[in-house]
Amino acid sequence: AFREAAAKRVAALAQEHAARMRDVAKLAVDRGEPGRINPQYLSAELGRALDPEDILLNESIRSSPAVSAQIPRTRPGTLIGLAGGGLGFSGGMALGVKLACPERIVVQVTGDGVFYFCNPEAVYATSKQYRLPIFTVVFDNSGWAAVKEAPLRMYPEGEAKAAREYQALLAPDMNFAKGAEAAGAYG
């Protein structure tokens with residue numbers, strides 16, 4: 001009876017997993033619109049390009065659900081995140097990971113707001129100086145979405161919403177690639 005019940009549970013879990021994977025695949029079909037790539041699509045393309053041994057540092061914050069769903073990491077040590085505070089860790093940590101694992105591709109996935117925090121000029125200068133190549137993907141939504149969402153959660157009809165002012169906008173149309181290019185990287 002135990003084995004039969006366990007087999008039924010495993011079969012049910014397999015069906016749930018298959019349904020989840022179908023939903024994940026559907027989310028990645030839409031490429032987005034000009035100037036606004038769909039994070040699910042971008043993550044799925046990145047997931048297809050990465051080898052199972054490549055190391056992913058996920059600091060994408062608001063795009064983390066897309067990254068987690070579309071870039072499966074099934075091997076130990078191939079996914080690094082930060083469970084608590086400390087935004088901006090991924091740039092320096094990517095360099096440390098590359099130093100520890102020089103034969104592996106190291107991918108830093110970050111949001112635009114957090115990208116500012118990681119001091120990208122210092123990261124890329126160090127990458128160049130010590131020949132520690134990393135691959136960086138910046139999910140750019142031109143703002144701190146988490147900052148905007150906080151007052152909306154606490155005060156859904158408050159002054160911030162009425163004024164449409166959340167103190168969460170970043171400079172629009174930033175060309176983050178130029179910082180990488182200044183250090184001799186392709187951007």
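Atoms CG and OG, from Asn58 and Ser64 in turn, are 4.0 Å apart once rounded to the nearest 0.5 Å. Here the CD atom belonging to Glu59 is positioned 5.5 Å from the CD1 atom belonging to Ile61, to the nearest 0.5 angstrom.
Of the possible donor and acceptor atoms, none in the side chain of Gln108 sits under 3.5 Å from a partner among the backbone N and O of Ala94. Panel note: side chain Ser127, backbone Val123; no donor-acceptor pair is recorded below 3.5 Å. Checked by atom type and distance alone, the side chain of Arg36 never pairs as donor or acceptor with a backbone atom of Asn141 at under 3.5 Å. Judged purely by atom type and a 3.5 angstrom limit, Asp51 has no side-chain atom pairing as donor or acceptor with the backbone of Glu53. Under a 3.5 Å cut-off, the side chain of Arg31 and the backbone N or O of Tyr41 do not form any donor-acceptor pair.
When the side chains of ILVMFWY residues are joined at heavy-atom separations under 4.5 Å, either directly or via intervening members, Tyr116 and Leu82 end up in a single hydrophobic cluster. Under the 4.5 Å side-chain heavy-atom criterion for ILVMFWY residues, a single connected hydrophobic cluster contains both Leu99 and Tyr130. Under the 4.5 Å side-chain heavy-atom criterion for grouping Ile, Leu, Val, Met, Phe, Trp and Tyr, Val114 is not connected to Val109 through any hydrophobic cluster. Cluster membership check: Val137 shares its hydrophobic cluster with Leu79, using side-chain heavy-atom separations under 4.5 Å among Ile, Leu, Val, Met, Phe, Trp and Tyr.
Counting only N and O atoms by type, the side chains of Ser43 and Gln70 include no donor and acceptor under 3.5 Å apart.
Phe176 and Phe115 have perpendicular rings, their planes meeting at more than 60° on a 0 to 90° scale where under 30° would count as parallel.
In this structure, Cys101 and Val106 have side chains that are not in contact, with every pair of non-hydrogen atoms separated by 4.5 Å or more. Under the 4.5 Å side-chain criterion, counting only non-hydrogen atoms from C-beta, Ile55 is not in contact with Arg73. Side-chain contact check for Lys98 versus Pro133: some heavy-atom pair is nearer than 4.5 Å. For the pair Ile80 and Met93, the minimum side-chain heavy-atom distance is below 4.5 Å. For the pair Leu56 and Val67, the minimum side-chain heavy-atom distance is below 4.5 Å. Using a 4.5 Å heavy-atom cutoff, the side chains of Phe135 and Leu50 are not in contact. Contact check for Leu13 versus His17: no side-chain heavy atoms found under the 4.5 Å cut-off.
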